[in-house]
Amino acid sequence: MSSEQPQLPLILEPDTLAAHLDDPHLLIVDVPLKAESYRDGHVPGACFLDYRQLLAGSGEVPNDVPSPTALSELFSALGLTPETHVVAYDDEGGGWAGRLLWTLELIGHARYSYLNGGIHAWRADGHPLETTPNTPTPSDYQAEYLNPRVQIRREELLERLGSRDLAIWDARSDAEYRGLKGDNRKLGHLPGAVNFDWLEVMDSQRDLRLRDYAELVAELEARGITPDKEIVTHCQSHHRSGLTWLAARALGYDKVRAYPGSWKEWGNRDDTPVEH
């Protein structure tokens, strides 16, 4: 293979990835919901990432962003370098893979792709699997929040509720959105938020690939999620909204951010307004 940087699209089809498996600049990361998915068979060369390492893990908001120190350790262990092109995938249609790519965007690493449909599409298309785990060659990666605008913090969100130039995309289920279920102190949704369940973004008939782009755009615009607005997406823990952030990027929405605190933070505070 050439030593030149691979020019890979944000949304990568299995056939395209299969043609680049030997590229030395590629770091393929499997970040499944169920660890046994990796053990049962992964993309050749893929490294395993425990999705919990994408979360702070403690404090009032355990699903928040890890510290720069923790992210430096994580990405050094994965062998990330400025020249690396990361291809992420998972076993559930893009939630944790999207959270990983969003984290890369946060630290200013823009070389990344999502394997469309993840391991389900890879298997369905008949590509080879391996079961031997891969251990990356460690690097010395110093992570900083170089692109902080890819996230929005609770304080800014509180200030901007009701703004005409803001669209809040709640990626949870309809029942969570309407306050009929949940394990938070307060149930419901952010004032003005619109609901579009993350499961509606993936195509169950095409091995969990993203749905037809024109259909997605039409459904988002019908909900007032339009490219002229700044879009903020969230769920309960910024896991499901990892996919919705990624999908918005794929659809060409330039001003898309995610709220990592999500409902886990918003729904457990006394100073956050809620609608039902």
Side-chain angles (χ1 to χ4, degrees), residues 10 51 54-57 59-68 70-71 94-110 112 114 143-172 176-177 182 184-186 188-198 201 220-221 223-275:
L10 174 61
Y51 68 81
L54 298 172
L55 311 172
E60 285 187 19
V61 190
N63 51 284
D64 208 344
V65 183
S67 68
L71 290 177
W96 286 123
R99 171 83 187 227
L100 169 57
L101 299 183
W102 175 84
T103 304
L104 289 173
E105 184 73 20
L106 177 66
I107 64 170
H109 187 93
Y112 57 76
Y114 167 60
E144 302 175 63
Y145 302 152
L146 295 177
N147 186 16
R149 281 198 62 77
V150 76
Q151 64 171 328
I152 189 167
R153 308 303 297 178
R154 181 190 77 255
E155 295 85 354
E156 182 185 349
L157 205 42
L158 274 167
E159 288 178 6
R160 296 183 60 194
L161 287 177
S163 299
R164 290 185 176 183
D165 62 349
L166 185 72
I168 303 174
W169 177 352
D170 187 330
R172 298 176 301 161
E176 290 169 281
Y177 175 79
N184 310 277
R185 277 168 43 201
K186 298 189 291 192
H189 58 265
L190 273 78
V194 295
N195 183 224
F196 190 34
D197 191 324
W198 77 307
V201 175
L220 290 172
E221 292 196 344
R223 291 166 169 81
I225 300 175
T226 51
D228 58 309
K229 297 176 183 173
E230 189 167 83
I231 298 163
V232 168
T233 188
H234 78 89
C235 55
Q236 168 72 13
S237 62
H238 189 29
H239 157 221
R240 290 172 281 183
S241 55
L243 174 65
T244 53
W245 172 82
L246 178 65
R249 287 287 310 279
L251 294 172
Y253 291 77
D254 295 327
K255 299 178 288 187
V256 56
R257 303 166 74 184
Y259 170 34
S262 280
W263 199 259
K264 181 80 170 177
E265 178 181 38
W266 196 273
N268 286 309
R269 294 182 60 90
D270 296 326
D271 60 351
T272 46
V274 169
E275 286 182 352

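Everything quoted here is computed from the prediction, not taken from an experiment.
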*Test side-chain contact (heavy atoms from CB on, under 4.5 Å) on Trp263 and Asn63 and set out the steps.*
CA-CA 10 Å; Trp263 199 259; Asn63 51 284; over 6 Å; no
_Heavy-atom side-chain contact between Glu275 and Pro191 under 4.5 Å_ =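 Answer yes - side chains close enough.
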*Side-chain touch Gln236/Ser262, heavy atoms, less than 4.5 angstrom*: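 The answer is no, as the side chains (C-beta and beyond) never meet within the 4.5 Å cut-off.
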Counting N and O atoms only, with roles assigned by atom type, does the side chain of [X] sit under 3.5 Å from a partner on the main chain of [Y], one being a donor and the other an acceptor?
{"X": "Arg154", "Y": "Gly261", "answer": "no"}
{"X": "Thr233", "Y": "Trp169", "answer": "yes"}
{"X": "Tyr51", "Y": "Gly95", "answer": "no"}
{"X": "Arg257", "Y": "Gln151", "answer": "yes"}
{"X": "Ser241", "Y": "Ala171", "answer": "no"}
{"X": "Arg223", "Y": "Asn195", "answer": "yes"}
{"X": "Lys264", "Y": "Val61", "answer": "no"}

*asked:* Are Trp102 and His238, when compared by the centres of their aromatic rings, separated by less than 6.0 Å?
replied: yes
Would you mind writing out the side-chain donor-acceptor pairs for residues 247-256 within the sub-3.5 Å range, not counting sequence neighbours?
| unit_1 | atom_1 | unit_2 | atom_2 | d |
| --- | --- | --- | --- | --- |
| Arg249 | NH1 | Tyr112 | OH | 2.9 |
| Tyr253 | OH | Ile225 | O | 3.4 |
| Lys255 | NZ | Asp228 | O | 2.8 |

Could you measure the distance from the [atom1] atom of [X] to the [atom2] atom of [Y]? Nearest 0.5 Å is fine.
{"X": "Ser237", "Y": "Asp64", "atom1": "OG", "atom2": "CG", "value": "11.0 Å"}
{"X": "Trp245", "Y": "Arg99", "atom1": "CH2", "atom2": "CZ", "value": "11.5 Å"}
{"X": "Asp170", "Y": "Trp198", "atom1": "CG", "atom2": "CH2", "value": "13.5 Å"}

*Kindly write out the residues that satisfy side chain to side chain donor-acceptor pair (under 3.5 Å) with Asp165, not counting sequence neighbours, or none if the list is empty.*
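For Asp165 there are no side chain to side chain donor-acceptor pair (under 3.5 Å) partners, ignoring immediate neighbours.
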*Before giving the answer on side-chain contact (heavy atoms from CB on, under 4.5 Å), spell out for Leu157 and Leu166 the whole-Å C-alpha distance, their side-chain angles and the decisive distance to 0.1 Å.*
CA-CA 10 Å; Leu157 205 42; Leu166 185 72; 4.2 Å; yes
*Residues His234, Leu190; criterion side-chain contact (heavy atoms from CB on, under 4.5 Å); working and verdict*: CA-CA 10 Å; His234 78 89; Leu190 273 78; 3.6 Å; yes
*Hey, are Glu265 and Arg153 close enough for a salt bridge, meaning a charged N less than 4.0 Å from a carboxylate O?*
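So Glu265 does not pair with Arg153 through a salt bridge.
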